[in-house]
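See structure below.
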Protein chains: 2
Amino acid sequence: MQVQVFNPAQVIAGRRTCMAELALGVFVPGFSMTFSRNEEIFGEEEAAEFVYKVLSGVVRTTRLLDDGRRQIVAFHMPGDVFGLEVGPTHRFSAEAVGCCELALVRRTVLDKTTQNDPAAWRAVWTLTALDLERMQDHMVLLGRKTAAEKVEAFLADMSARAPASDGVELPMSRTDIADYLGLTIETVSRILSQMEREHRIARATSRHVVLCDRRLLQAAA
Amino acid sequence: MQVQVFNPAQVIAGRRTCMAELALGVFVPGFSMTFSRNEEIFGEEEAAEFVYKVLSGVVRTTRLLDDGRRQIVAFHMPGDVFGLEVGPTHRFSAEAVGCCELALVRRTVLDKTTQNDPAAWRAVWTLTALDLERMQDHMVLLGRKTAAEKVEAFLADMSARAPASDGVELPMSRTDIADYLGLTIETVSRILSQMEREHRIARATSRHVVLCDRRLLQAAA
DNA sequence: CGTTGCATTGAAATCCCTCAAGCGAGGTGG
DNA sequence: CCACCTCGCTTGAGGGATTTCAATGCAACG
């Protein structure tokens with residue numbers, strides 16, 4: 001997949017300043033930016049200068065192996081914060097799944113905010129800890145679930161996080177889904193087709209899925 | 001596997017009070033306890049009353065699926081902290097891999113410490129964030145690596161975290177290794193045998209492995 | 001010396017991947 | 001407006017990595 005590269009230094013001119021509520025009750029000055037489809041937000045090993053919050057659209061964070069194998073570590077939906085690191089550099093890359101708008105906050109600014117504010121620290125910790133919980137759940141999926149179970153869990157999760165008026169609108173490609181679930185695009189496609197044959201889902205378009213199965217809907221709630 | 005159950009309320013009598021350095025520079029009053037092989041430290045859904053630090057031995061945290069499939073989320077080595085939750089309950093169970101000694105700190109005591117101390121909060125956040133980093137690395141392994149790569153990565157990791165005088169002393173069973181790597185015991189065993197045939201490792205006993213391969217040793221460092 | 005638990009090994013089966021082709025929507029240029 | 005291309009998705013056939021099932025080995029222990 002072709003990925004455009006974004007260099008923050010060049011684009012600062014196009015920023016719009018704003019106050020971002022990074023976590024519950026923690027407001028910090030930052031600015032917002034838009035990214036187009038597949039545009040790189042930051043890359044692996046890059047200096048972690050900013051913390052990001054999704055205002056609209058979806059972001060994926062990914063890890064690449066030398067031979068091209070890719071694992072999507074997370075999808076970030078509106079309201080989600082990402083890019084906060086312990087060390088000085090990012091440990092994976094982030095790209096816009098579709099066109100999206102982000103709030104950027106300088107790491108140094110965030111540090112200054114939390115320096116004397118335990119409540120702000122608790123809020124930041126909660127963000128990270130909730131992220132950790134999500135990762136742990138996903139590890140069980142990656143390590144111990146079958147392809148069918150993976151896709152079902154994914155649909156249920158997306159249905160909960162990005163509900164459309166009628167069913168789920170999947171913002172990402174089959175390749176993204178596969179790299180998130182540890183599968184191939186073909187397997188994802190086949191399982192969706194089979195679920196449709198069994199009337200457990202219906203498809204308006206390839207990206208718009210309606211959940212019909214009782215169990216799926218329950219898992220989504 | 002048979003798992004004994006531990007009920008903290010019954011055992012408080014046997015505790016020894018101590019000051020635990022939960023995170024760098026953060027000392028809190030707690031007490032220490034010992035657990036025997038396969039003894040349950042806490043269970044899924046249980047109230048998260050304590051935070052734990054490994055003093056000696058190894059602990060595994062696991063998630064169980066209804067049909068018995070198991071995923072080991074992490075192994076905790078001496079110095080590691082585990083059991084700290086956002087919500088009121090534990091999200092997985094923890095068991096002693098072998099006989100081990102833990103420091104227990106009441107969650108309420110930790111909360112009181114961090115309440116007015118941003119530095120303590122930063123330390124706690126760092127613990128959680130480093131945990132998150134480890135989980136993210138492990139997700140790539142689970143989702144995108146072959147069985148051979150998984151075992152190699154595991155040996156390298158254990159070699160770095162639990163180095164023996166000569167090679168690696170694996171404290172956990174093949175079942176534990178398999179459930180950590182998303183494989184079966186048979187596959188783990190076969191790959192170790194194959195690595196031995198190729199003189200990439202040597203085995204003193206089934207639990208004591210010596211790394212011979214250049215690449216493995218490099219990965220361990 | 002039998003039992004028990006853990007580890008290894010083999011043979012067969014299965015799930016998922018790889019390779020390859022076809023399909024359909026959307027965009028571009030003649 | 002239609003031919004043509006591209007890109008993402010689907011489908012099929014075959015193969016391979018890993019699991020499953022089953023048996024054996026081996027060390028510790030009573």
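Atom CZ of A/Arg203 is separated from atom C1' of C/dG24 by 13 Å (rounded to the nearest Å). If you take NZ of B/Lys145 and P of C/dC17, they are 18 Å apart, rounded to a whole angstrom. Computed from coordinates, the B/Asp67 CG to D/dT20 P distance equals 10 Å when rounded to whole Å. One can place CD1 of B/Ile191 at 9 Å from C1' of D/dT18, the figure rounded to the nearest angstrom. Atom CG of A/Asp179 is separated from atom P of C/dC17 by 11 Å (rounded to the nearest Å). Rounded to a whole Å, the CZ atom of B/Arg37 is 12 Å from the C1' atom of C/dT4. Between A/Arg144 atom CZ and C/dC16 atom P the separation is 13 Å, expressed in whole Å. Atom NE2 in B/His208 sits roughly 19 Å away from atom C1' in C/dC6 (whole-Å rounding).
Across all strands, B/Ser206 comes closer than 4.0 Å only to sugar-phosphate atoms, never to a base (heavy-atom distances). As judged by a 4.0 angstrom heavy-atom cut-off over every strand, A/Ser193 is placed among residues touching the sugar-phosphate backbone only. B/Leu183 comes within contact range of the sugar-phosphate backbone alone, with a heavy-atom separation under 4.0 Å but no base atom that close. A/Thr146 comes within 4.0 angstrom of sugar-phosphate atoms only, judged by non-hydrogen atoms across all strands, and of no base.
Annotation: side chain of B/Leu170 is in contact with side chain of B/Met158 (closest heavy-atom distance under 4.5 Å).
A donor-acceptor contact closer than 3.5 angstrom links the side chains of B/Thr146 and B/Glu149. Side chains of A/Glu39 and A/Ser36: a donor on one and an acceptor on the other come within 3.5 Å. Donor-acceptor pairing under 3.5 Å is lacking for the side chains of A/Glu196 and A/Ser193. Under the 3.5 Å distance criterion, with hydrogens and angles disregarded, no donor-acceptor pair is assigned to the side chains of B/Arg63 and A/Gln136. With hydrogens and angles left out, the side-chain atoms of A/His90 and A/Glu45 include no donor and acceptor closer than 3.5 Å.
Looking at B/Arg174, its side chain has no donor and acceptor atom pair within 3.5 Å of the base of C/dG5. Within 3.5 Å, no donor on the side chain of A/Arg197 pairs with an acceptor on the base of D/dT10, nor the reverse. Residue side chain B/Arg190 reaches the base of C/dG10 through a donor-acceptor N/O pair under 3.5 Å, judged by distance alone.
Between C/dC6 and B/Arg207, no contact under 4.0 Å exists linking OP1 or OP2 to a side-chain N or O. Under 4.0 angstrom from either OP1 or OP2 of C/dC17 there lies at least one side-chain N or O belonging to A/Thr187.
Side chain of A/Ser189, nearest nucleotide from C/dT9, D/dT10, D/dT19: D/dT10.
The pair A/Arg91-B/Glu133 meets the salt-bridge criterion, with a side-chain N (NZ, NE, NH1 or NH2) lying under 4.0 Å from an Asp/Glu carboxylate O.
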Do any N or O atoms of the protein come closer than 3.5 Å to N or O atoms of nucleotides 22-26 of chain D, and which pairs are they?
none

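The aromatic rings of B/His138 and B/Tyr180 sit parallel, their planes meeting at an angle under 30°, below the 60° perpendicular limit.
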